[in-house]
Every structure is written in structure tokens, then in C-alpha cells.
Amino acid sequence: MATHKYKYKTFSCFNKTFTNKEPGPPPDVIHAFHSFSSPGAASMNADNLLRFLNDHQRDPHCTLDDSLHIIQSLKGDHKTDVGLTLDDFFHFLLRDDLNSPLKSEVHHDMNAPLSHYFIFTGHNSYLIGNQLTSDCSDVPIVAALVRGVRVIELDLWPNSAKDDVEVFHGRTLTSPVSLRQCLRSIKEHAFDTSTYPVIITFEDHLTPELQAVVAEMVTEIFGEMLYYPETDMLSEFPSPESLKGRILISTKPPIECLEDKETDEKGDEDMNSSDEKSYKQSAPKYTRLITIHAGKSKGDFKEDLKVEGKVKRLSLSESKLDKASESFGPDLVRFTQKNILRVYPKGIRITSSNYKPQVAWTHGAQMVAFNMQGHGKSLWFMQGLFKANGGCGYVKKPDFLVEKGPNNEVFDPKRTLPVNKTLKVKAYLGIGWSTDFSLTDFDSNSPPDFYIKMDIAGVPADKGKKKTKTIKNNWFPVWEEEFEFPFSVPDLAMLRIQVKEEDRTEKDDFAGQTCLPISDLKSGLRSIPLYDEKGEKYKSVRLLMRFQFK
């Protein structure tokens with residue numbers, strides 16, 4: 001392996017040289033190579049590699065074509081018969097495009113109703129930055145769609161002339177963007193990353209006349225891409241598979257918009273009577289485009305969570321969800337088996353921060369709406385969950401969240417369950433920081449001091465925090481440490497991995513992160529790509545780790 005020398009200035013005048021050697025294959029990798037190669041052979045042929053993929057990596061669906069593709073990627077088109085040397089095998093294991101910790105294809109059943117899926121959902125999708133003063137634009141909408149977000153939220157308001165519709169965060173200083181521009185961008189980029197349906201949620205503050213304008217605009221722009229049901233309301237939602245390539249609208253029907261408006265304008269009977277007439281006239285055009293009807297919360301959780309014949313969407317703030325979960329946990333689960341629950345950030349999150357999504361997921365909430373332009377640990381969890389199922393934006397909920405027991409009972413999130421799975425994680429080494437960062441990004445006087453932090457997020461019983469030793473003054477840290485994490489509900493758990501650079505005088509520096517859904521995590525030796533604080537993937541930084549379930 002190559003050796004690198006790094007020169008640093010100490011005390012502003014003296015130079016000090018550090019020598020760092022790129023790591024070679026760890027003992028476990030060497031053992032695996034020799035175990036699966038033919039006896040006495042210096043290379044691993046396609047058949048040997050396939051056996052390694054099937055038996056060691058627990059990838060039973062891998063074929064000889066897959067192993068030939070790996071050899072071809074490393075050796076070139078005309079050398080597939082040569083096989084992989086130990087160094088080639090090591091490089092293969094470090095290639096996350098060839099050796100990902102998660103399945104890269106859609107593999108969940110996509111034929112169940114929409115209510116059976118967690119759906120990648122944005123909040124105030126048009127905002128570039130904070131909730132009060134930032135610009136509104138179609139740029140963050142496009143960025144969200146490219147990342148795989150499937151639910152886009154648009155707040156609809158009349159323009160100053162009251163003759164057209166704009167999108168902005170009402171009663172704030174955010175600058176508007178035209179609805180037409182947002183819709184055109186959604187049409188252009190809806191299926192760049194995923195072919196599964198895009199849902200647009202309208203927060204509607206419009207007059208009846210402008211609702212009719214929106215109906216015409218949506219129909220004109222989306223054309224055949226637009227899906228809406230033949231009946232006024234559905235008794236069951238269609239499946240993601242049946243809606244591939246389609247765009248759906250979710251909002252309150254005009255009569256509920258009128259009720260909201262009347263609440264704000266009590267006492268003006270003439271105006272309310274006129275409004276009611278206008279809303280009834282505009283209702284057919286607008287209402288027929290709504291696939292997912294949004295219901296208004298009545299403030300009574302028992303009433304809100306009634307499971308009736310027609311399906312609907314209910315929205316709760318993160319604070320109301322927390323309150324509801326205290327006394328109505330099974331009711332929330334039962335509601336979300338047929339209906340859709342959307343959870344959104346509380347109003348004080350003006351910096352576009354986010355909340356922990358685990359409570360919402362544990363209660364079956366499908367649309368956990370996040371500020372995708374934000375950053376931080378909660379957003380990492382959201383991005384991590386939707387790495388599952390090929391990154392298509394729809395993740396099938398565990399069976400226990402969509403099924404009833406023999407006595408019509410449902411999953412109780414407060415019930416403590418016994419441990420039924422344990423994950424062993426071994427951290428071997430990390431590479432790529434010397435390529436993606438400058439010499440002094442972490443420390444101006446020496447190479448960085450890296451360590452790994454790992455923790456679990458899921459149901460309250462599933463917790464655990466681990467930390468490796470710190471490797472001093474080395475751009476190519478080697479840890480060789482193993483840890484265990486027990487799970488009672490692994491299908492709702494996430495493994496968060498962070499690399500930090502130890503700083504004795506200030507806060508430790510961030511050096512990469514990823515979140516991995518346990519339900520989709522592959523066994524075996526895996527390359528783990530790391531991401532920056534906003535969730536953008538580093539070009540070269542990755543870890544070599546091993547995952548084993550028992």
C-alpha cells in the first residue's frame with residue numbers, strides 16, 4: 001500500500017513531517033479471500049467470488065453474471081478470466097457501488113394501499129432557507145424530487161392583484177414564487193429518481209374563483225400524468241405500483257376550506273353566505289382532482305382517529321402527535337392502517353430544523369413532513385430510512401403496523417417487547433479524507449485524530465451507544481473493533497454512524513455520517529459511504545465494516 005508524507009507547521013515556524021500508510025487488507029479480509037479461493041490459487045475466479053457473495057455476504061440472489069460484472073469492473077472487459085487478486089478483492093470490498101450495505105433495487109411489495117407505506121415527505125417544500133424571511137423558489141422543490149422525496153407541500157395564496165396564485169409561507173416575509181412555475185418544475189423532475197407517484201399537498205388559502213384557476217392549471221400542466229379517482233372519496237387508497245408515473249393531489253375539499261375561512265371571519269353573515277355560494281359553484285372542478293382528502297382536526301383525538309368507511313388524511317403537528325401518543329397510541333396505529341397521518345414541524349422551528357421522526361413512524365404515520373433544506377441528526381434519520389427499498393421514496397411498513405390480531409387488537413407502541421435480534425458491527429478502517437479534505441481542515445498542526453460513534457434509534461427499548469478508540473495523527477485510521485446492539489423491534493430501528501475528529505480545545509470536528517435502516521441492512525463485509533451534514537455524499541470517504549445478525 002502507498003505511503004504518504006504530510007508536512008505541517010508547528011508553532012508557526014517549525015515544519016514537522018508525518019508519514020501515513022494506506023491500510024492493506026485486514027486479517028478478516030485475508031481469511032475470507034483464502035477461504036473462498038481455490039486451494040493454493042493466487043486469485044479468486046468468478047465461481048469462487050459467487051460462493052463468497054452467496055455464503056459469506058448472505059446474498060442468495062447473486063448470480064454468476066453478478067460476480068463476472070464485479071471482476072469486469074475491477075479488471076477490465078477482457079480480463080474477466082483472470083480473477084481477483086487479494087488486493088483486487090480488497091478494493092472490491094471498498095467499492096460502495098459494488099458492495100453496498102443496502103439493497104440497491106426496489107424489493108418491497110408495492111401492491112398494497114398507500115397507507116401501508118412510509119412516504120418521503122417534505123414540509124414547505126418551496127422554501128430555500130428559514131421559515132420567516134427566506135426566498136420561495138422551485139429550486140428546493142427540484143432538489144427534493146431528485147433526492148427521492150415523493151410528497152411536495154405548496155402553500156397557495158392569491159397574488160396582490162387577486163387574479164393569480166402564488167406560493168409562499170403566509171403571514172411571513174418570505175418572497176413568493178408562482179404556482180405555475182412550481183407545477184411545471186414538478187412535472188419535469190417528478191420521476192428523475194423514482195417512478196413511484198408524487199403527491200402534492202396544497203395548503204389552500206384561495207377564493208373559490210382561484211380554486212377554479214388552480215384546477216384548470218393542474219389539469220393543463222400535468223395532463224395524463226394527473227391521477228384522480230372516479231368517485232368523490234375512496235374506501236381504500238390505490239397502491240404505489242398502480243400509480244407509477246402519476247401525480248396526485250391532496251388537500252381539503254372546498255367546503256372545508258370554507259369552514260376554515262368562516263372560523264377566521266365570524267360575524268360577517270352576508271360575506272359567508274356569498275362565499276358558500278361561490279364555493280359550491282367551484283367545488284366540482286376542484287374537488288374532483290383530489291385523490292387524498294385532507295380532514296380538519298376537531299381537537300378531539302378520539303373523534304379525529306375514528307376509522308370510518310371513506311379514507312382520508314389527517315395532519316397533526318409534532319407536539320399534537322406527542323400528546324396523542326401518550327393516551328391514544330393504539331388508536332393512532334389503527335387509524336394509519338387505512339388512513340394517512342401527516343405530521344409536521346411545530347411553528348417555532350423558524351430555522352427549518354426538524355424533530356425526531358421515530359415517534360411518528362412507531363405509530364404508523366406515513367407522511368412525516370420534514371424541512372429538507374434543513375440539517376442535523378433528525379434529517380439524517382429521515383434520509384437514512386429512505387435509502388431503503390432502492391431509494392424509491394416508499395418504504396413498506398412492518399406487518400405489525402398494518403395487521404390486526406385475532407381479537408382485533410393492534411400494535412401498542414408502549415409495550416416493551418423482548419430482544420429478538422442482535423447486530424454485531426465490526427469497524428475495520430476508513431479512507432478518503434485525504435482526498436476530499438484539505439491538509440488543515442481538521443487540524444492545522446497534524447493529521448486528524450479520527451474515531452467512530454455509533455448509536456441506535458427506534459422504539460424506546462432499542463437504544464445503544466458505542467465508540468471506538470481514537471486513532472491519532474492518521475488520515476487512514478484502522479480500528480479493528482467490534483460491538484453488539486440488541487433489538488426488540490429491529491424493523492423500526494436505525495443505526496447511525498458518525499466519524500468525529502478529536503479536538504482537545506474545542507468541539508470535536510464532524511468528519512462524516514450515515515444512517516442505515518436495520519430492516520434493509522445486508523450482512524457481511526461492506527463498504528459504507530459517508531455523507532456531509534446536509535446529507536450530500538462525499539466522493540471518496542468510506543468505511544469498511546462487517547455486519548452479522550444473530
Side-chain angles (χ1 to χ4, degrees), residues 61 65-66 69 96-97 100-123 125-126 138-154 181-202 218-230 234 236-251 289-292 311 313 340 342 366-370 372 382-397 402 517 519-520 522 529 535-537:
H61 301 296
D65 284 342
D66 294 321
H69 170 69
D96 63 272
D97 60 327
S100 170
L102 303 172
K103 297 176 182 177
S104 58
E105 68 282 348
V106 174
H107 59 280
H108 294 180
D109 175 14
M110 303 302 285
N111 291 294
L114 289 173
S115 56
H116 288 202
Y117 298 84
F118 298 125
I119 311 173
F120 205 177
T121 301
H123 173 255
S125 306
Y126 49 85
D138 62 332
V139 172
I141 295 172
V142 172
L145 290 168
V146 170
R147 192 181 280 277
V149 172
R150 298 290 85 191
V151 183
I152 299 295
E153 183 188 27
L154 302 178
Q181 183 176 343
C182 293
L183 297 180
R184 283 175 174 168
S185 292
I186 290 172
K187 178 184 180 181
E188 184 177 351
H189 297 281
F191 307 108
D192 284 0
T193 298
S194 171
T195 59
Y196 287 95
V198 167
I199 301 167
I200 305 174
T201 61
F202 288 153
V218 165
T219 305
E220 170 204 333
I221 291 174
F222 294 135
E224 292 298 316
M225 295 171 72
L226 186 65
Y227 171 89
Y228 50 90
E230 297 297 326
L234 298 167
E236 183 177 78
F237 291 118
S239 71
E241 190 67 29
S242 70
L243 296 170
K244 288 174 84 171
R246 307 299 292 273
I247 293 173
L248 287 61
I249 303 298
S250 177
T251 188
L289 301 181
I290 303 172
T291 297
I292 303 174
V311 291
R313 169 172 69 84
I340 288 175
R342 177 178 174 271
Q366 298 88 347
M367 296 183 179
V368 184
F370 261 41
M372 297 300 170
M382 180 64 64
Q383 292 165 344
L385 175 70
F386 289 101
K387 291 185 180 85
N389 200 24
C392 75
Y394 287 81
V395 172
K396 186 78 160 55
K397 294 198 288 187
V402 297
S519 60
D520 259 37
K522 290 182 176 182
E536 297 296 329
K537 184 180 175 182

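Position 1 is the first residue of the sequence; numbering continues from there. Predicted model only: the values in this text are computed from it and were never measured.
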**Prompt:** So how far is it from Ile199 CD1 to Gln366 CD, rounded to the nearest 0.5 Å?
**Reply:** 9.5 Å

**Request:** Please say whether more than 12 non-hydrogen atoms of neighbouring residues, nucleotides or ligands are located less than 6.0 Å from CD in Glu224.
**Result:** no

**Message:** For Asp65, give me all partners under salt bridge (Lys or Arg N to Asp or Glu O under 4.0 Å), at least two apart in sequence or on another chain.
**Reply:** none

**Prompt:** Hey, are the side chains of Leu248 and Leu114 touching, using non-hydrogen atoms and a 4.5 Å cut-off?
**Reply:** yes

**Prompt:** Sub-3.5 Å donor-acceptor pair from the side chain of Lys537 to the main-chain atoms of Pro529, do we have one?
**Reply:** no

**Request:** Say whether, by atom type as modelled, one donor and one acceptor occur between the side chain of Lys397 and the main chain of Ser115 under 3.5 angstrom.
**Result:** yes

**Message:** Taking the side chain as everything from C-beta on, heavy atoms only, tell me whether Arg147 gets closer than 4.5 Å to Thr193.
**Reply:** no

**Message:** Among residues at least two apart in sequence or on other chains, which ones pass ring pair (Phe, Tyr, Trp, His ring centres under 6.0 Å) with Phe370?
**Reply:** Tyr355

**Minimum-distance pair of heavy atoms, taken over all atoms of Val149 and Gly122** = CG1-N, 3.8 Å

**Asked** Just how far is it from atom CD1 of Ile200 to atom OG1 of Thr291, taken to the nearest 0.5 Å?
**Response** 11.0 Å

**Prompt:** Are the side chain of Thr121 and the backbone of Met367 linked by a donor-acceptor contact shorter than 3.5 Å?
**Reply:** no

**Asked** Roughly how far, to the nearest 0.5 Å, is NE2 of His116 from CZ of Phe237?
**Response** 10.5 Å

**Message:** I'd like to know if the side chain of Tyr228 reaches the main chain of Ile249, judged simply by a donor and an acceptor atom lying under 3.5 Å from each other, with no hydrogens or angles considered.
**Reply:** no

**Prompt:** Is the side chain of Ser519 donor-acceptor paired with the backbone N or O of Pro517 at a distance under 3.5 Å, no angle test?
**Reply:** no

**Item:** Approximate separation, where rounding is to 0.5 Å, of Ile152 CD1 and Thr201 OG1
**Value:** 8.5 Å

**Asked** Within a radius of less than 6.0 Å around NE2 of His189, do more than 12 heavy atoms belonging to other residues, nucleotides or ligands occur?
**Response** yes

**Prompt:** NZ/Lys396 to CG/Asn389 distance, rounded to the nearest 0.5 angstrom?
**Reply:** 10.5 Å

**Message:** Treating Tyr117 as the side-chain partner and Ala112 as the backbone partner, does any N or O pair qualify as donor plus acceptor under 3.5 Å?
**Reply:** yes

**Request:** Give the minimum heavy-atom separation between Cys392 and Arg150, together with the two atoms involved.
**Result:** O-CD, 3.7 Å

**Plane angle bin for Phe120 and Phe386 - parallel if under 30°, tilted between 30 and 60°, otherwise perpendicular** = parallel

**Asked** Is there a donor-acceptor pair closer than 3.5 Å between any side-chain N or O of Asn111 and the backbone N or O of Glu241?
**Response** no

**Request:** Working to the nearest 0.5 Å, report the span between NE2 of His107 and NE2 of His61.
**Result:** 9.5 Å

